[in-house]
Structure formats: C-alpha cells, structure tokens
Amino acid sequence: MRCFIGIDLGSTTTKAVVMDENTQLLGRGITNSRSNYDTAAAVSKQEALIDTRLTLFRRGLSAVPEVSGKVDSILADLERNFRHVQFLEQLDDLEQTCVRNVKGPRYVGKETGVNTALAEVFKQLRQSSHALFQPGARRKSDFFRDLAGSDFMQFGEPVARDAGLPFDLLVNVYDKSIIEVENRPPAGDMEGKFLRALEKASGSGDIDSASVVKPVKDALAIPLEETYVVGTGYGRVRLPFPKEHIRSEILCHGLGAHMMYPDTRTVLDIGGQDTKGIQVDPQGIVENFQMNDRCAAGCGRYLGYIADEMNMGLHELGPLAMKSNKTVRINSTCTVFAGAELRDRLALGEKREDILAGLHRSIILRAMSILSRAGGVKDQFTFTGGVAKNEAAVRELRKLIKENYGDVTININPDSIYTGALGGATFAVRAVVN
Amino acid sequence: MSSTAEIMARCQGLFEDLNYSDARAWKAKVPGRKVVGFLPVYVPLEMVHAAGCLPLGIFGGGDQLEVIHGDAYYQSYICRIPRSTIELGVTGRLDFVDGMLFPFVCDVIRNLSGIWKMMFPNVWTKFFDTPQNFDSSIGGTYYVHELQELREGLENLTGRKITDDDLRRSIKLYNENRRLIREVYAFRAREPWRAPTSEVYVIMRAGLMMEVEEHNQILRDYMDAAAREDRPQRDNVRVAIYGSFCEQPPLNLIKSVEMAGCYVVDDDYSLVNRFLTEDVPTDGDPLAALAETYLKHSVETSCKYVPKEEDKGKFHVESVRKSGAEGVIYATPSFCDPALLDRPMIAHRLTEAGIPHINFKYAENSGQMQPIREQAGTFADSLKLWS
Amino acid sequence: MSEAIKEKSMLLQKDMISRNYEAITSKHETGRKVASTFVPGNLNELLMCFDIVNNLPEINAIQNGMRKVSGNYILEAEKHGHSEDVCTYVKADIGMMGKGNIAPNGKPFPNPDVLLLSYTGCYTFMKWFELLREQYKCPTLMLHVPYEGDGHSTKNMRDYIVKQLKEVVIPGLEQVSGVKFDIDRLRQYLKNSAKAEDGLVWCLEQGKIKPSPIDAYFGGVYYIGPMFTAFRGTPESIVYYEELMKEVQARIDNKLGPVTPDGTPFNDQKYRLVVEGPPNWTNFREFWKMFYDEGAVVVASSYTKVGGMYDLGFRHDPDHPLETLADYCLGCYTNRNLPTRVDILAKYVEEYEADGLLINSIKSCNSFSAGQLMIMKEVEKRTGKPGAFIESDLVDPRYFSAANIKNRLESYFQMIEQKRRGTGKAA
C-alpha cells in the first residue's frame, strides 16, 4: 500500500507520521534526535512503520469474530515480543561493537579479561531482558540507550570487580560503542522480526490460534511503499531529501493542527526554543505567522532555567504553581534576568508557588503578544508544544484568551508533539494525490 | 492645613490610576471639554491650558500594567514606554483623550506619533518638533510658527480661539507652577530628609495629571506640611539622578536608591514643567515669549543639541554644584538612545569636574531591585569614604 | 567565498570610491579640506562649492562591516563605555578611531576640518557628531531638518532650513574652506545631480519588468552608491548612471535578471518582494544568497530612498538652489511619517506586482525600526499580501543569526507558494 510519511526533525526529538492516501493516520514514531540527523530520521520512520504494521494487524483482526474483545491484549503481546526481538538484535550489535572497540593503549594486555567480562555482562543483559519485556513490565524509556545503559552499569560493576578489572575500562568501551550503535541506521527486516515475535508469542496468552496468525501474516504481507516523504523541523535542511520534499515547520504545524482539529484558525506553539503564532485558513494553509523575535525570552527553555534555579524537576513546576492563589507579578521573561528576579522575590519572602504562578503567567503574556502580532486569536484555537502539557501555563492561557478574545474553543491534544510530522505527512499526500 | 500623608494620598491615587478617573471626571464635568495627552519631555502646557483643555501627562504604564498588545508592535530591542503607551490606548484606557502630543524625544517616540495617527484616526495627534537651532532669528522664527500651528490645531479641536490674553493668563499660572516647583526642589536640596524624592516625584507626576491651579496649591501645602513635620535626618549621601527624563523608573527603584543610603537632591525625572528654567515674560507677544524662553532658558537634556562643545554637560555640573550633590547616578532606561549615547560625554564632564558617578539601566517595569540597592549602596559608601 | 563578479558600473564606482578615499587621506599633501557628513540630507553639491572633500562615516562603517572588521571596532567602543544598546554605526566609527582610524585604502584618516551635521530623519546623527566633536574639537555646523510629522513639509520648515543654510552652513563652510560661496557654481552641480537622478530613477523603476533586470535591494545598494555619497553633482556620476542604464537595458533586451555575486544572471525568479529597512553588511553576500537561492528577487525597497526619494518626482532644481536642498532634506525616506511610509510601501507592492512586503528590522536603527510591525500590519491589510519580518543589524556580527533568518525566509516563501497554488490542491 502507498504510505505517505512526514518527519519532523526537532532539536531534542524526531517524530514521524505515516498516512494512507486518504490522510488516515496509520502510525507514529518518535526517537531522540542524536547528533546524527540521518539516523534519527530513519529510526523515527521505522518506528512509525512498526506502528503502521500494528494498525494493519488491528484492521485484520477486527474482522475475526473469535478474537473480538481481545485485540488490544493480542496486539500488546505482539508488540512486546517484537520489542524484545528488536532489543536482543540491538544488544548483539552493541556487544560486537564493544568487542571491536577493545583496543588502544589502555587495553594492552587486558583484552582477554575485558572480552570475558563483556561476554558475561551481555549474557546477564540478555537474561534480564526477559523481565524487561514481561507482560505488564514498566520500562522507564523506550529508547535503547536508556534501557541498555542503566543495566549495563548495574551488571558491569560487579562483573568488573570479580574480574579484577577497573570498571571504567568497561564504561569507556560502552560509551564509545553506544554512540556508534545509536548512530547506525536501523536494521531492516521488520517483517521477519514480527514473524519471530509472532512465533514467540504463539502458544502463550491470547495468541494461540490460526485465527490470529493468519490475519497477522496477511497484514505483514502487505508491502509498505514509501510513496512520498516530507521533512520538516529545525534540522530539515540536514535531511537527505531533495528540496521539494522539505517544508518549513510553520507550514507543517499549521496543517497538522488543522488535521487534528479541522476548525482550527489560530495555532500557538510554545516549544523549547521558540514560540510561534500561526493563522490558518479553512484548508489548513498558513495565512500569517509570527515567531518570538531574536530574543528567546519566554520560551519553554525559560521554564528549564527556572526549574534549575529552584532545584526542581521541569514537570514539578506546573503542579506547584497550581497551588497558588496569589500570583506574584513577574516582569522579566528574559532567561538571563529570571534567576535574579526569582531570588529577589524569594528574599522578599514571597511563596514559591506564587512566584511560579507569576512566572507561568509571564510566559503566557509573552505568547499573547506574539499572537497579537500574528493577528489575534480566532475560533478555534489550538495550543501545541511542550508547554501545552503544563497545567499552570494552560490555566493562565485560558484566562487571558477569555479576557482578550472572549469565548473561543481551545484545543489541546495530548499527542500534540506529532503536530509537525502530521502536517508533513499531509503535505506528502497532497503532493501526490492532488 | 493638610498633612504630607493627606497630600501624598491624593497624589499617589492620581499617579497609580491607569484608568485616569480624575481626568475623566474633569472632562465629564463640563460638556465639550477636551483632554490633550502628552508624552515626555516637553510641551508648552500653557498653550493647552489656554485652549481650555486639560493637559494630561502620559508616562507609560509603569510597573503595574501587563503589556500584551503593546508588545506586538515592538521588537525586543526597543524601550518599554511606547509598548505600554500603546497598551493604554488599545485597552481603552485613553478613550476619552481627544488629542495627543508627541514631543521630540527620539525616533521611537517620533514614530509612535505616526502609529497613533493610524491606530486612532479620530484623535488629534501631533508630533511637536522644537528647534535645535537656538538663534532667535532662525530657530526662534521657526518655533513661533510651530507654536502658531499648535495653537491652530488646538483651536480646531475645541472650536474656539485662543487669544493672546488667554495665553498670558495661562503663562502666569505656569510661571507660578514652575516657581513653586523650583522652590520644592530647593527645599529638598536643603533638607532632603523632610522631602524625600519618593514623595516629591509622585507630587510632580500627579501635577501633570491635574489642573495647574490645584497643583500650585498642593506644592505650597506640601512645603508647609513638610517643613512642619518632624522627620529624622539620616546619615545619607547626596546624589543627583540624571538620564531618566523619558521612560520613568518604577517608584520602587526611587525608594530603593533612598533606602540604600542616598538622598536624591536633584533629578531630571520627566522634566516637562521644569524644562523652562525661568519665567516666561507675560508682556509682548506670548508666542515669542515662549519661544525665546525655550531657546535661552531651558535645561540641557539629551534630546536637545548643545551648540558648543565646551557647553556639553555644563548644565549637569552646575546643577550638581547648585544642589550640593556629592555624586551622580546616571540612570537610563534600557535602549534609550538619547541618554545612552550621551552617557560617555556626560561622564567625561563629570569626571573632569571631579564629580563621582555611576550608571545603571532600568525599565519602567523593572522587578529586581537587589542590583539597584547594591549599586546605590556601594556608591553611597564610597562617597562617604571619599569625603 | 570567491571574489565577487563585478560589472563595469561596479568597477567605475569602485574607482570613484577609492579616488575619494585617496582625496580624504591625502588632505595634508593637497591642502584640501575634509567634511564629515551623513547620507540622508547629504549636501554634496554644497560641499563641492567650497572644494571640500566629503567623508561619510556611515559609508566607512559599511565598508568596515563588509570587510568584517566592524565587530572589533564595536567591542572597542563598548570597552570605552558605549552601551551595547545603541547604534553600531556609531560604535564602529568610534571604535575605528580607537584602533588607529585607518581608511579602507590603508592610510590613516586625517581629522575632519568640519562636521556638517545635516540632521535628517535620524536622531542618532546628532549624538554621533556630538561624540565626534568631542574627539576632534572641530567646527560643527548643525542643520536641523524638521520631521514631517503630519506627512508633508510646510513653508515654515523650508524657510527654517534655507535660513540655516544661509546664516549657519554657508558662512561656516566659507570660513573653514576660505572659498567664497558662488551660487552659480551650485546651480551647475545641481544640474548634474538632476541628470544623474533621472538615470537612477529609470534603473530602479525597471524592477516593474518580469523577470526583474535589477535587484532593488542587494543590487540597489550599488545603484544608489554614487548618488547617495560623495558624487552627487559630479560629472562622473552622470557617466556612472549612463553605464548602469546600459547594463540594465541589456538585461531587459535579453530577458535576464540581475547578476549575483557569483557571476550568474538570476533569471529563475519565483518571488517578487518589496523590502523595508537597511541590509545587514557583515554577512551581505550570505544574506543575498538566501534570497536568490530560494528564487526571491527584490523589486523595490525603501533603503534605496534614504538618501532621497527621487522616484516620487523630486529632482534637484538649479533654479531654486537653496530651496531645493531644503526640499531634498525634508523628503528623505526616514524623515517621512509612518502613515506616509505605509502609503509608499503599499504602492510599491502594487506597482511592482510584488508577492509581499519583507521587513528586515535593524537593531541599530530605531528611525527605521520603531513601528515596523505596525507598518507590516497596515501594508498587509491594504494590499492583501502577506508580510514577513526578520531581524539583523547593520554592522554588528553578533546580531546576525543565519539559521534564524533562513528559517523565517523559507517559511515565508513556502507560504506564498501555498497561497498561490490556492487552497485545497495545495502541496
């Protein structure tokens, strides 16, 4: 089948969306952007295609009466097993890479010892991976680096100690290798891995009958043709795409918001690095846009500084600010001055939650100015970006929109991180189908 | 007899009121009355008064106004006063103002006059360009014509003529106002503990939002009350503050400087009614009198050209001597071209005259006072050590 | 970057500029007097009447920006107490003095004999020359040109300028130069000016043709060179504009676009823009490339009007020599009020059939920049064409963010493209 793909190469994460020719969403994928944009694009695309397969399985299984009501758990089983197969494959790659990297003056004479220790660590990693992919197991991240890294450290230390080796020899070889592995384009044969996952899953749980295997195999047999790919985001110029396949993130963002909420006319996106106000027409085409000027005051990054300054996690700021019922007026959205103003307020005896409420308000005030610059807020209004997940910011935004623009429908999608990629995929469809 | 507390309550109320309720009430009291707003740094208020209008000082939004729409009109490298002034306009706070005068301060305020024309086409808006040539026959001739144009604009707004006698009457009142202000400044320079700048400043700002007759009475009452009241003298140093003629600092900044151990004995806050330093003659042609006083007897400030190199900064040095200040704080709004471009030249002159000086920047909505307190405090300490 | 390809008119201009720098730096040998003055309100014909050589600090700053030395000069000035907030032309100039005051020809700039403070359209000029005066302690002649706050000049303004010319500027220049003022000499120069002005206007107006044979911004800064600097009123400038007209005509005949610095004619013009605001000089070629790489040609600009708005019909008039200088000064672009600037830009968008107005907002230059967002809104409203806003600085390399500007330009061009294709079948 024809697949239309949008890839949004952001500064921290890269997102991909796959669509069919009727602009039906098939799959989504996300990965960390790394230093290698090509790989990030390839990984996110592969993730979105995996997600697409799962969608196709779901479609296939929905026609099978015997599994009615059990599709979700079947798919979860299948994905779990697939992830495990994929994880083991990457572990193999990591092990081989580690072995290759045991060289240089530091390792002279210790090669055998290090290699033996590595073999032991990887053996343990493989064993423990079963638990990691158990039904119901919670993984703290879906990125290979995060999963493999912490276990490697946990198992590596005792192994090194027992072998009488300095632990940093192992750490060193790991650090070098994980970057290589991470920046290698993802291995192919997704269908083969799904088949292996299917075998592993068969006989256990819900996946025990031909009624499941057949539709899944049928779905796997459908070729996924990459008909058209559109790239967007800050790193878009680094994508290995011809120029006509690249769209600015503003255009993609506008169209993506339109796809999520077709009645959207105004979009606000507050990301880490910038704030954008976008007006779109009834077809999702951008009519006007404004971004924060050269000074990045009041962007998401500002909250990062505040969190550091207060010695708190970024995600704790919003909830604490919600506890305030007296907003302190904060006048500086300048990240450089924010720290000074914050300390000044604390010294004056203001409460942390009240100061935080003020800080959230000041970010939103700044965004309101950008919206005003872009031509105001029209119904409906869609709010996207990392800051849209912050309840204190959302509360202030709702208040100020109401005060300045009256009753406006405000859309906030929990998956708004995919807005740009969604717009990109839609552009891909429009490029071919229309 | 009012106390300083009563006087301050009246002035503070006016100063803080971003809805300009008093000016609104003034206008509503007599049908047909007009209010004419003006920005820093100088307009001939007597002309507006003679037209029967209330001249209303618009000095930005201070630190209590949240600016949303105003920011949409300005880049981050432009000062704050035009943003908050636009915010006052678009939020309807100035919807009763019939005319706006934008004096020559800098390109930002100049261009704001054009924005105002486009945004509020029903408001009579004028950019008021005073001469930079100070020869009576050249700059004077030009200025008399400009004043005549201003007069005609006001006549057009109100529908009534401004006679020379009207003007002379107004000039007298404003001469009185300027005399009283000079007295208050002299009083503060003599006994700064009796007339703290956090009060004097608010009285001056409020004075630009009320009828001049009332302000004259307030000035008299304040001096009486302040002289009567027993206020403790502190071991403060005496400083002059310059560079703050357009966008105004938050009141907290002035208080912070005082709390840090400085008596402010001279300043150039908002100027306007201290711009002319001597009485305007009330005999002869009033326009010529206003022009001649502007040319020959007005302050030196960054928005006026100084024809002779040797005269640059002379006014500041003389004012420091006259007020008995021990040092100068050159405090400028961020991105204020006139004040910041002048800063090195004024600093050189102060150094030549052996007057210690420091400088810092602020915005009308500056929130963090700690750095201000620290700098002013350190300056105060060092002045004590030197003396 | 390779050496830029230059056309004959550019070589002519280059030669004129280097001869002028030679005249400035050799004043001690030749005994000629040197005046410093500004581009807007530049009274070159008048200076010529006194055999005074014209030195323009703005042009020196631009030269230093393009030669990538302005950054150090700015730092030097900031080290000596100049604020990071203020105009970088001023700081580049002052910093250059601190670093030996070396002219582009490698010889030291001599001190000027007079500062002709023709104060037109920009507040900073006044402070700039007060600062220079403090250094040089030389005579300073102030010519105050009132701002057209109500959108037009008045008789009072004109009389005021003429009076200053008669009673301040001319006697002052006579004193400095020892040359008696001869009004007929001025008339002759003004006649030359008017002729060259016809040539400049003709060239700029060819932006209306498709494909445009000129780039009215990046190319435009070369076209205005002689007219805005030390050559208006000279016979050489007439020759220059004749040559430039020939080049433009040849491109029209062959349906060619302007020549880019890499030597190729820029024919594949997808977007036609009107640009407001001065260019950035430190990254001039990189900046230009961002436009032609995307297929964007500038068909009209306001920057090419800072030294006079000849396209609106003004010509120096030898029959009214002093009055014409007054009118010239009053009419420079930045001396016009904002509603007038909106009128002019909206007219350009329409008459030059542009896709929209792009504003390059310059940090240094409040005269241009304060109010540009309002200008953009108004021009969008009037023309129905989308505007775009980018930011940079004149000669401060710290304020040029290529990625940021590129991102906005691309978004803007793609938006135009989308709109053009119409809704629905957009791709």
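- Looking only at distances, no side-chain donor or acceptor of C:His144 sits under 3.5 Å from a matching main-chain atom of B:Asn133.
- Counting heavy atoms from C-beta outward, B:Asp107 and C:Tyr147 have side chains that stay 4.5 Å or more apart.
- By number of non-hydrogen pairs under 4.5 angstrom with chain B, the leading residue of C:Ser83, C:Ser367, C:Gly81 is C:Ser367.
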Begin from the C-alpha positions of C:Asp85 and B:Lys361 and carry the test side chain to side chain contact (heavy atoms under 4.5 Å, CB included) through to its verdict.
CA-CA 10 Å; C:Asp85 291 355; B:Lys361 292 192 288 187; 2.8 Å; yes
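- With a threshold of 4.5 angstrom between heavy atoms, B:Thr332 does not approach chain C through any atom at all.
- Here OH of B:Tyr305 is found 11.5 Å from OH of C:Tyr119. Values are rounded to the nearest 0.5 Å.
- Using the six-membered ring where Trp is involved, C:Tyr160 and B:Tyr142 have ring planes that are parallel, under 30° apart on the 30 and 60° scheme.
- Looking at C:Lys127 and B:Asp342, a side-chain N of the basic residue comes within less than 4.0 Å of a carboxylate O on the acidic one, giving a salt bridge.
- The residue among C:Gly149, C:Pro339, C:Cys87, C:Gly371 with the most heavy atom pairs within less than 4.5 Å of chain B is C:Pro339.
- The CD atom of B:Glu149 lies 5.5 Å from the OG1 atom of C:Thr154; values are rounded to the nearest 0.5 Å.
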Just do the side chain to side chain contact (heavy atoms under 4.5 Å, CB included) check on C:Lys363 and B:Ser76 with the steps written out, would you?
CA-CA 9 Å; C:Lys363 172 179 176 273; B:Ser76 55; over 6 Å; no
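- Of the residues considered (C:Met142, C:Glu167, C:Glu130), C:Glu130 shows the highest number of contacts with chain B, using heavy-atom pairs under 4.5 Å.
- Taking chain B as the reference chain and counting heavy-atom pairs below 4.5 Å, the highest number among C:His80, C:Lys137, C:Glu378 is found for C:Lys137.
- Of the listed residues (B:Cys336, B:Cys303, B:Ala347), the greatest number of heavy-atom pairs within a distance under 4.5 Å of chain C belongs to B:Cys303.
- Ranked by heavy-atom pairs under 4.5 Å with chain C, the list B:Glu146, B:Gln148, B:Lys126 is led by B:Glu146.
- Under a 3.5 Å cut-off, the side chain of B:Arg110 and the backbone N or O of C:Gly121 do form a donor-acceptor pair.
- Atom CG of C:Asp159 and atom CD1 of B:Ile138 lie 12.5 Å apart (nearest 0.5 Å).
- For B:Val306, the parts lying near chain C are the backbone and the side chain together; criterion is any non-hydrogen pair under 4.5 Å.
- Contact annotation for B:Thr130: only backbone heavy atoms (N, CA, C, O) come within less than 4.5 Å of a heavy atom of chain C.
- Here C:Asn156 is the residue among C:Leu338, C:Asn156, C:Asn337 with the most heavy-atom pairs under 4.5 Å with chain B.
- The contact between B:Arg349 and chain C is made entirely by side chain atoms (from C-beta outward), counting heavy-atom distances below 4.5 Å.
- The part of B:Lys308 that comes within reach of chain C is its backbone (N, CA, C, O), which places non-hydrogen atoms under 4.5 angstrom from that chain.
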Yes or no on side chain to side chain contact (heavy atoms under 4.5 Å, CB included) for C:Ser369 and B:Tyr74, after CA distance, side-chain angles and deciding distance?
CA-CA 8 Å; C:Ser369 304; B:Tyr74 290 100; over 6 Å; no
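- To the nearest 0.5 Å, the span separating CG on C:Leu143 from CD on B:Gln132 amounts to 12.0 Å.
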